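Everything below concerns the one structure shown next.
Given the structure is predicted, the values throughout are model-derived calculations rather than measurements. In what follows, every chain begins at residue 1, and chains take the letters A, B, ... in the order their sequences are listed.
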Amino acid sequence: KQEVTQIPAALSVPEGENLVLNCSFTDSAIYNLQWFRQDPGKGLTSLLLIQSSQREQTSGRLNASLDKSSGRSTLYIAASQPGDSATYLCAVSRTASKLTFGTGTRLQVTL
Amino acid sequence: GAVVSQHPSWVICKSGTSVKIECRSLDFQATTMFWYRQFPKQSLMLMATSNEGSKATYEQGVEKDKFLINHASLTLSTLTVTSAHPEDSSFYICSASGGVSYEQYFGPGTRLTVT
């Protein structure tokens with residue numbers, strides 16, 4: 001059974017700092033990996049999707065890497081802003097559909 | 001981008017009543033829709049997967065007679081929580097997939113409170 005773990009569970013950084021969120025998964029036979037953002041009481045916003053054949057994806061200040069063999073992914077956020085404060089979830093899929101979510105990292109970016 | 005809506009955004013109901021939640025894909029045809037449940041400060045747990053025109057596939061531990069799912073069209077799926085109890089209070093999120101990449105697009109969620 002696939003298990004997805006995210007470290008740290010919570011993180012507080014001052015504005016402007018670069019930061020890294022970690023995601024690990026136990027079964028490396030994945031189809032793709034996605035990073036999502038969730039604001040309190042809201043749904044999910046997809047940030048980046050990495051296919052199993054890819055090593056990384058970039059969007060603006062976000063960069064996600066994937067090392068499938070070691071079962072790890074990182075989300076790098078450059079020059080963090082207070083608006084980045086949210087919970088970040090990673091999710092992996094073994095098939096072309098079913099997602100298994102991680103436990104999430106609650107990020108607080110302070111002024 | 002692909003937009004998925006949910007209705008209602010929140011609902012309060014009395015114990016023993018049934019509640020229906022709608023999930024719509026607004027600008028694409030969703031061949032597959034997913035229903036998730038999220039308890040406070042926990043991650044999303046998949047409840048069931050539904051393909052248009054077929055019966056839903058439920059995850060282990062999810063009662064199919066309690067959580068009725070209908071996916072009658074390529075743009076609409078409904079989740080009905082029957083005989084709701086306080087322990088069913090949760091945040092229910094749907095997602096829809098229909099593209100080549102099988103990427104899931106998520107709705108804004110429905111907060112259900114059973115009193």
Measure distances from [X] to the heavy atoms of chain A and classify the residue's part below 4.5 Å as side chain, backbone, both or neither.
X: B:Q6; value: neither
X: B:Q42; value: neither
X: B:L46; value: side chain

Do side-chain atoms of B:S73 reach the backbone of B:T75 as a donor and acceptor pair under 3.5 angstrom?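 The answer is yes, because a donor-acceptor pair under 3.5 Å joins these two groups.
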Determine, for A:R61 against A:D84, whether the closest basic-nitrogen to carboxylate-oxygen distance falls under 4.0 angstrom.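 Salt bridge flag = yes for A:D84 with A:R61.
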Would you call B:R24 and B:E22 a salt bridge, taking side-chain N to carboxylate O under 4.0 Å as the test?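 The answer is yes: the pair qualifies as a salt bridge.
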Under 4.5 Å heavy-atom distance to chain B, tell me which part of [X] shows up: side chain, backbone, both or neither.
X: A:L44; value: both
X: A:Q6; value: neither
X: A:T103; value: backbone

Output, in order, the C-alpha distance, side-chain angles, deciding distance and verdict of side-chain hydrogen bond (donor to acceptor under 3.5 Å, both in side chains) for B:N70 and B:T78. CA-CA 5 Å; B:N70 183 281; B:T78 60; 4.6 Å; no
Can you see which heavy atom on B:V81 is nearest to which on B:D88, and at what distance?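 Nearest heavy atoms, B:V81 then B:D88: CG1-OD2, 4.1 Å.
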